[in-house]
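Below, read A as the first sequence line, B as the second, and so on, with proteins coming before strands; counting in each chain starts at 1. Quantities reported herein were computed from a predicted structural model and do not represent experimental measurements.
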Amino acid sequence: MTFHVYLLRLLRIAMKKRILVQDLAEYIGKEVVIAGWVHSTRKQGSVSFMLVRDRTGIAQVIASGHDINKQDVRNEAVVEVTGEVIEDTRAKTGVEIRLSKMTVISRPVKKLPILVNKKASFQKLELETVLNNRVLSLRNPKRHLIFSLQSEILDCFGTYFRKHGFTEITTPKIIASGTEGGTQLFSVDYFDKLAYLAQSPQFYKQMLVGAGYERVFEIGHVYRAEIHNTSRHLNEYVSLDIEMGFIEDEHDVMDTEEDFIRYLVGRINTHAARILEEYKTTLDVPDRIPRITVKEACAILERDYKKKMKTYDLDPVGEKLICEWSKKQNGSDFVFLTDYPRSKRPVYTMPKKDDPDLTRSFDLLFRGLEITTGGQRIHEYDMLIEAFKKRSLDPGDFDYYIDTFAYGMPPHGGLAIGLERITCQILGLNNVREASIFPRDRSRISP
RNA sequence: GGGGGCGUAGCGAAGUCUGGUUAUCGCGCCGGCCUGUCAAGCCGGAGAUCGCGGGUUCAAUUCCCGUCGCUCCCGCCA
């Protein structure tokens with residue numbers, strides 16, 4: 001070790017370790033180092049105030065004279081502040097730091113295009129501006145929380161299903177053919193072949209149930225090449241998928257989702273109560289989420305809302321109304337719609353024995369928006385081949401999938417939850433794009 | 001695939017219908033004052049080829065045509 005390196009090491013040991021803003025109260029009377037972004041500065045004659053924001057909170061730094069001003073500190077500069085922690089009721093958190101030394105680590109070299117600090121909440125921002133300035137817009141503490149909540153949801157999903165015997169899988173997103181006919185696929189140049197981006201992990205998760213894992217889950221991106229431009233659609237989104245074997249029927253799958261939702265709601269209320277508070281919302285779930293058939297739902301719409309549906313399916317307005325009804329009737333923000341007609345569901349959906357025009361399928365609506373589709377799947381080889389033929393699909397094109405059912409397959413079913421949609425609905429956001437960290441829509445592929 | 005709305009300063013808007021001074025307001029930005037601010041306050045200042053192209057007119061941000069961009073709704077879906 002050279003003398004030079006040795007000195008540097010000594011210096012580092014002598015340097016105080018950075019502490020987090022949330023822990024400041026534990027250091028009253030002591031000198032500490034904090035680091036973060038300059039949230040705002042306020043000059044008050046010969047006293048200056050500066051708010052410094054790190055990932056855990058915002059701290060007020062007070063300096064006498066022009067200490068803050070003479071360093072030319074701009075909002076959103078990255079600074080390291082050394083000073084004594086003092087108790088003072090005049091500070092919002094009850095503690096503040098009396099500055100003794102400040103280093104500007106990184107200085108903004110451009111004017112800020114948008115506001116980050118508290119003032120931003122009093123200023124309207126177009127969604128386009130929010131997304132064009134994603135890094136800055138996410139620095140805003142309130143907007144920041146959207147993805148803290150999303151992280152919590154992701155953790156809940158993984159934790160819950162792992163705990164219940166599900167194996168986490170990852171399946172390919174570059175595929176040779178689609179699964180659900182209806183939706184459009186993005187094509188990909190794959191060397192000398194044409195390939196597609198997966199619109200769902202559906203076939204793979206069923207295949208892995210058949211591979212003996214019985215219960216699998218996946219958190220993965222899916223791609224929909226539909227030219228839809230609405231506040232609830234994305235062309236790339238994160239699908240929370242599960243598939244489980246040895247079920248009685250689709251109600252086992254709904255039971256599972258219901259139990260997961262209860263777990264999720266409980267966890268969010270304990271771990272993320274602050275986020276709900278910030279968004280002025282609450283979240284609860286009844287012991288039992290009501291289950292009504294699509295047919296019943298249509299009858300309710302006609303009877304109570306004078307709304308006639310053309311087919312046994314709900315349009316977006318119908319979904320909002322039936323949620324309104326469910327809230328009034330059962331006090332539930334959630335409602336399962338079941339027994340969708342076969343024509344409305346993918347080819348692999350299990351038909352009902354007593355009424356083959358209907359399926360063992362369901363949607364879960366949450367506060368007026370569909371957040372889940374699920375159901376029991378066909379597990380009998382001959383029935384599946386028949387189903388493909390009925391849709392004018394050549395079973396031969398799907399050998400790799402259909403063969404799964406040729407060698408012993410248990411009754412099974414599953415579901416998918418749209419991550420951005422559930423995030424959006426929990427927080428009451430206006431547009432699902434706000435719940436996507438870097439959304440991909442009809443026209444946006446950057447940032 | 002179909003339908004509606006909007007483009008004015010870094011951000012958010014007014015003005016456009018009914019053409020006519022130097023295009024208005026709030027926030028931000030820059031400078032000054034202020035010893036407890038916290039959406040600070042007060043005073044001063046800079047900043048806009050009114051999305052772009054063409055047409056009508058003595059005169060266009062305003063009217064007409066085209067074009068580009070954004071946004072919302074329906075269909076389809078999570």
Checklist line | Any donor-acceptor N/O pair under 3.5 Å between C77(B) base and Arg421(A) side chain | finding: yes
Next item on the list: Look at the side chain of Gln44(A) and the base of G41(B), then say whether one donor and one acceptor between them are separated by less than 3.5 Å.
Entry: no
Margin query: For Pro201(A) versus Glu218(A), what's the shortest heavy-atom pair and its separation?
Written below: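 Heavy atoms of Pro201(A) and Glu218(A) come nearest at CB-OE1, 3.5 Å.
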Margin query: For a quick test of reading the model, state the closest non-hydrogen atom pair linking Ser326(A) to Pro290(A) and the distance between them.
Written below: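 It is OG-CG, 3.7 Å.
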May I have the distance from [X] (atom [atom1]) to [N] (atom [atom2]), rounded to whole angstrom?
{"X": "Gln184(A)", "N": "G75(B)", "atom1": "CD", "atom2": "P", "result": "17 Å"}
{"X": "Arg442(A)", "N": "C74(B)", "atom1": "CZ", "atom2": "P", "result": "17 Å"}
{"X": "His233(A)", "N": "C72(B)", "atom1": "NE2", "atom2": "P", "result": "12 Å"}
{"X": "Ile86(A)", "N": "U37(B)", "atom1": "CD1", "atom2": "C1'", "result": "14 Å"}
{"X": "His39(A)", "N": "U37(B)", "atom1": "NE2", "atom2": "C1'", "result": "14 Å"}
{"X": "Arg42(A)", "N": "U35(B)", "atom1": "CZ", "atom2": "C1'", "result": "15 Å"}
{"X": "Phe49(A)", "N": "G41(B)", "atom1": "CZ", "atom2": "P", "result": "15 Å"}
{"X": "Glu226(A)", "N": "C74(B)", "atom1": "CD", "atom2": "C1'", "result": "14 Å"}

Using both distances under 3.5 Å as the test, list the Watson-Crick or G-U wobble partner of [N], or none.
{"N": "G75(B)", "result": "none"}
{"N": "G31(B)", "result": "C43(B)"}
{"N": "U67(B)", "result": "G51(B)"}
{"N": "U18(B)", "result": "none"}

Notebook entry, point to check: Can a cation-pi geometry be assigned to Lys142(A) and Tyr279(A), taking NZ or CZ under 6.0 Å from the six-membered ring centre and within 45° of the ring axis?
Noted result: yes
Notebook entry, point to check: Does the ring of Tyr340(A) carry Arg345(A) above it, NZ/CZ under 6.0 angstrom from centre and within 45° of its axis?
Noted result: yes
N/O donor to acceptor pairs below 3.5 angstrom from side-chain atoms of residues 26-36 of chain A, sequence neighbours left out:
{"from": "Glu31(A)", "atom 1": "OE1", "to": "Ser100(A)", "atom 2": "OG", "distance (Å)": "3.4"}

Notebook entry, point to check: Quick one: is Ser239(A) getting a side-chain N or O under 4.0 Å of the A78(B) phosphate, OP1 or OP2?
Noted result: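 So the side chain of Ser239(A) is outside the cut-off, no N or O lying under 4.0 Å from OP1 or OP2 of A78(B).
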Check: Between Ser443(A) and C70(B), does any side-chain N or O lie under 4.0 Å from OP1 or OP2?
Finding: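 Ser443(A) to C70(B) OP1/OP2: side-chain N or O found under 4.0 Å.
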Next item on the list: Can you measure from CG (Leu99(A)) to CD (Glu84(A)) and round to the nearest 0.5 angstrom?
Entry: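 It comes to 12.0 Å.
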Sugar-phosphate only, base, or nothing, as touched by [X] at under 4.0 Å among non-hydrogen atoms:
{"X": "Leu234(A)", "value": "base"}
{"X": "Glu96(A)", "value": "base"}
{"X": "Arg53(A)", "value": "nothing"}
{"X": "Ile371(A)", "value": "sugar-phosphate"}
{"X": "Ile62(A)", "value": "base"}
{"X": "Arg433(A)", "value": "sugar-phosphate"}

Checklist line | Tyr237(A)-A78(B) aromatic stacking (under 5.5 Å, under 30°) | finding: yes
Could you give the distance separating [M] and [N] at their [atom1] atoms, to the nearest angstrom?
{"N": "U18(B)", "M": "U62(B)", "atom1": "P", "value": "14 Å"}
{"N": "G15(B)", "M": "A9(B)", "atom1": "C1'", "value": "15 Å"}
{"N": "C27(B)", "M": "A40(B)", "atom1": "C1'", "value": "14 Å"}
{"N": "A59(B)", "M": "G20(B)", "atom1": "P", "value": "15 Å"}
{"N": "A13(B)", "M": "C77(B)", "atom1": "P", "value": "34 Å"}
{"N": "G32(B)", "M": "A48(B)", "atom1": "C1'", "value": "26 Å"}
{"N": "C63(B)", "M": "C17(B)", "atom1": "C1'", "value": "10 Å"}
{"N": "U57(B)", "M": "G1(B)", "atom1": "P", "value": "39 Å"}

Note to self: Does the protein touch nucleotides 1-12 of chain B at the base, only the backbone, or not at all? Give it as B, S and - per nucleotide, heavy atoms under 4.0 Å.
What the structure shows: B--------SBS
Out of [options], which nucleotide sits closest to the side chain of [X]?
{"X": "Arg232(A)", "options": "C33(B), U37(B), C77(B)", "result": "C77(B)"}
{"X": "Arg224(A)", "options": "A78(B), C76(B), G36(B)", "result": "A78(B)"}
{"X": "Ser231(A)", "options": "A39(B), C72(B), G36(B)", "result": "C72(B)"}
{"X": "Asn431(A)", "options": "A78(B), A39(B), C72(B)", "result": "C72(B)"}
{"X": "Lys92(A)", "options": "G75(B), G36(B), A39(B)", "result": "A39(B)"}

Next item on the list: Classify the angle between the aromatic ring planes of Phe203(A) and Tyr348(A) as parallel (below 30°), tilted (30 to 60°) or perpendicular (above 60°).
Entry: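 Because their plane-to-plane angle is over 60°, the rings of Phe203(A) and Tyr348(A) count as perpendicular.
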Item checked: Contacts of Asp397(A) that satisfy side-chain contact (heavy atoms from CB on, under 4.5 Å) - sequence neighbours left out ->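 Scan of Asp397(A) (side-chain contact (heavy atoms from CB on, under 4.5 Å), adjacent residues dropped) gives Asp394(A).
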Notebook entry, point to check: Do you know which of Lys295(A), Arg360(A), Lys352(A) makes salt bridge (Lys or Arg N to Asp or Glu O under 4.0 Å) with Asp339(A)?
Noted result: Lys352(A)
Next item on the list: Map Asn235(A) and Thr230(A) onto RNA chain B by nearest heavy atom, then report which one ends up closer to the 5' terminus.
Entry: Thr230(A)
Item checked: Ring-ring centroid check Phe217(A) Phe166(A), cutoff 6.0 Å ->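 Ring centroids of Phe217(A) and Phe166(A) are no less than 6.0 Å from each other.
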